[in-house]
Amino acid sequence: MSDRLGSTLAALVAGAAIGVGIGILFAPDEGKKTRKKIRRSFDESKDELSHKIDDLKKQVRSVVDRKSNSIEDGIEDFINSAGKKRDEVISALEHKLAELKKQGKELAESAKK
């Protein structure tokens with residue numbers, strides 16, 4: 001998305017700069033004045049493009065930060081749920097071990113009789 005936006009912005013600015021340049025070249029004026037106008041319009045277009053690129057960078061950083069936070073939250077949720085499952089498995093194993101010990105005791109007592 002941001003790649004298309006950047007390309008579109010660059011194309012618009014480039015098209016505007018070319019249009020202004022051609023318009024100035026065909027306007028009846030002295031060469032010195034024409035060159036100044038071309039230079040001024042080029043500088044303005046360059047500044048405008050620079051601002052648009054900065055805005056695009058900010059948008060991309062914002063999206064990356066949001067996605068990064070989302071991934072971190074997802075990882076944290078996974079770790080928490082894995083920890084809960086681990087605790088449940090340990091509890092079940094401890095319960096089973098207690099049952100086996102009890103059965104082992106009962107078998108040992110019945111074997112003694």
Could you go through Q59 and L56, starting from their C-alpha distance and side-chain angles, then the distance that decides it, and tell me whether this counts as side chain to side chain contact (heavy atoms under 4.5 Å, CB included)? CA-CA 5 Å; Q59 289 176 358; L56 181 61; 4.0 Å; yes
Pairs of donor and acceptor atoms involving the side chains of residues 88-105, under 3.5 Å and at least two apart or interchain, shall be tabulated with distances.
unit_1, atom_1, unit_2, atom_2, d
H95, NE2, E99, OE2, 2.8

Report the residues that fulfil side chain to side chain contact (heavy atoms under 4.5 Å, CB included) with I18, sequence neighbours left out, ordered by chain and then residue number. I22
For residues 62-80, which side-chain donor-acceptor pairs fall under 3.5 Å, sequence neighbours excluded?
unit_1, atom_1, unit_2, atom_2, d
N69, ND2, D65, O, 3.4
N80, ND2, E76, O, 3.3

Among E44, K52, K46, which one satisfies side chain to side chain contact (heavy atoms under 4.5 Å, CB included) with E48? K52
